[in-house]
Amino acid sequence: MYQISVEQHFDAAHFLRGYQGKCEAVHGHRFRVVVQVKASGVNDIGIAYDFVELKRHLGDILSRFDHTCLNDMPPFDEINPSSENIASTIYNELKLKLAGAPVSISCVEVWESPQSGVAYSPD
């Protein structure tokens with residue numbers, strides 16, 4: 001099994017509805033996103049999945065969120081833009097983009113600081 005990883009970031013503001021503490025106020029992060037996909041083999045030139053393609057798909061998703069207030073963006077206009085919800089949203093959108101590809105998503109990580117992050121996989 002091969003694990004392929006890419007990392008990108010986006011800058012955004014958010015606030016957590018119903019949270020009692022500092023995070024209920026609008027604040028910002030440089031969110032670091034790491035995606036890992038897995039493949040059982042490689043193609044005829046020895047590549048399990050092209051980094052360029054994976055970065056493009058992830059970039060398409062993250063570009064919607066970059067330099068926004070996440071609370072104004074679907075689906076976070078209805079659900080809290082917690083790191084957990086951001087990770088599962090990215091997972092679900094990326095899964096659609098990878099339909100038919102020879103890989104499956106192992107994990108989506110969202111880090112809102114160097115010390116605080118979450119990893120999501122549906123299992």
Side-chain angles (χ1 to χ4, degrees):
M1 188 66 57
Y2 296 90
Q3 292 280 350
I4 299 96
S5 300
V6 296
E7 178 179 325
Q8 294 187 18
H9 73 270
F10 68 97
D11 299 299
H14 74 153
F15 59 91
L16 298 179
R17 300 173 198 95
Y19 186 86
Q20 301 201 354
K22 292 193 310 183
C23 294
E24 68 185 329
V26 176
H27 61 284
H29 298 284
R30 169 161 281 187
F31 290 94
R32 182 172 68 101
V33 179
V34 179
V35 170
Q36 294 183 1
V37 299
K38 60 185 172 185
S40 60
V42 297
N43 64 16
D44 58 340
I45 64 168
I47 295 174
Y49 194 74
D50 192 342
F51 290 123
V52 173
E53 285 297 305
L54 189 54
K55 287 178 188 177
R56 183 177 59 80
H57 290 313
L58 180 58
D60 289 347
I61 295 166
L62 300 185
S63 66
R64 271 194 6 254
F65 303 137
D66 193 38
H67 285 81
T68 67
C69 178
L70 293 175
N71 297 72
D72 298 334
M73 304 295 298
F76 308 116
D77 54 345
E78 296 185 13
I79 63 172
N80 254 339
S82 63
S83 291
E84 292 85 350
N85 284 338
I86 295 168
S88 63
T89 296
I90 293 168
Y91 177 96
N92 290 327
E93 291 187 21
L94 187 59
K95 185 176 177 182
L96 293 174
K97 290 183 177 289
L98 294 175
V103 295
S104 60
I105 305 169
S106 299
C107 179
V108 173
E109 297 177 29
V110 173
W111 292 83
E112 56 180 57
S113 77
Q115 300 83 22
S116 302
V118 63
Y120 174 78
S121 63
D123 301 327

- Is the closest basic N to carboxylate O distance between E93 and R64 below 4.0 Å? yes
- Item | K55 vs Q8, side-chain contact (heavy atoms from CB on, under 4.5 Å): CA-CA, chis, key distance, verdict | CA-CA 8 Å; K55 287 178 188 177; Q8 294 187 18; 3.4 Å; yes
- Give the cluster check for F15 versus I79: same hydrophobic cluster or not, with ILVMFWY residues linked at side-chain heavy-atom distances below 4.5 Å. no
- Task: State, to 0.1 Å, how close A13 and V26 come at their nearest heavy-atom pair, and which atoms those are.
- Result: CB-CG1, 4.1 Å
- Is there a donor-acceptor pair under 3.5 Å between the side chain of D66 and the backbone N or O of F10? no
- Item | Worked verdict on F65 versus H14 for ring-ring contact (aromatic ring centres under 6.0 Å, His included) | CA-CA 11 Å; F65 303 137; H14 74 153; over 10 Å; no
- L58 reachable from W111 in the ILVMFWY side-chain graph, under 4.5 Å edges: no
- Determine yes or no for a side-chain-to-main-chain donor-acceptor pair under 3.5 angstrom, with N92 supplying the side chain and S88 the backbone. yes
- Note on the structure: Taking every heavy atom of A101 against every heavy atom of Y49, the minimum-distance pair comes out as CB-CE1, 3.9 Å
- Distance, nearest 0.5 Å, that separates CG of D50 from NE2 of H57: 9.5 Å
- Task: Look only at the side chain of E84 and the backbone of V118, and say whether a donor-acceptor pair between them is shorter than 3.5 Å.
- Result: no
- Distance from I86 atom CD1 to F31 atom CZ, nearest 0.5 Å? 4.0 Å
- Would you check if the side chain of S116 reaches a backbone N or O of E112 as a donor-acceptor pair within less than 3.5 Å? no
- Item | Spacing of S113 atom OG and R30 atom CZ [to the nearest 0.5 Å] | 13.5 Å
- Task: For S82 and L16, run side-chain contact (heavy atoms from CB on, under 4.5 Å): C-alpha distance rounded to whole Å, both residues' side-chain angles, the deciding distance at 0.1 Å, then the answer.
- Result: CA-CA 7 Å; S82 63; L16 298 179; 4.2 Å; yes
- Query: So do E7 and R32 actually touch side chain to side chain, heavy atoms under 4.5 Å?
  - Reply: yes
- Item | Test side-chain contact (heavy atoms from CB on, under 4.5 Å) applied to I90 and V110, step by step | CA-CA 9 Å; I90 293 168; V110 173; 4.2 Å; yes
- Query: Would a 4.5 Å heavy-atom cut-off, applied to side chains only, mark L62 and V33 as touching?
  - Reply: yes
- Rounding to 0.5 Å, atoms SG (C107) and OH (Y91) come to a distance of 10.0 Å
- Nearest atoms (heavy-atom pairs only) where S5 meets F51: O-CE2, 3.7 Å
- Item | Side-chain donor or acceptor of N80 paired with backbone N/O of R17 under 3.5 Å | yes
- Item | Residue pair A119 / E109: nearest heavy atoms and the distance that separates them | CB-CG, 4.0 Å
- In short, K97 meets I61 closest at the heavy-atom pair CE-CG1, 3.7 Å
- Message: I need the minimum non-hydrogen distance between V103 and A48, along with the two atoms involved.
- Response: CG1-O, 4.2 Å
- Output the distance between atom OG1 (T89) and atom CG (L94), rounded to the nearest 0.5 Å. 12.0 Å
- Shared ILVMFWY cluster between L98 and Y2, side chains joined below 4.5 angstrom? yes
- Message: Run V34 and V108 through side-chain contact (heavy atoms from CB on, under 4.5 Å) and show every step you take.
- Response: CA-CA 6 Å; V34 179; V108 173; over 6 Å; no
- Query: How many angstroms lie between CE in M73 and OG1 in T68, if you round to the nearest 0.5 Å?
  - Reply: 5.0 Å
- Qualifying residue for side chain to side chain donor-acceptor pair (under 3.5 Å) with S106, from K38, Q3, Q36: Q3
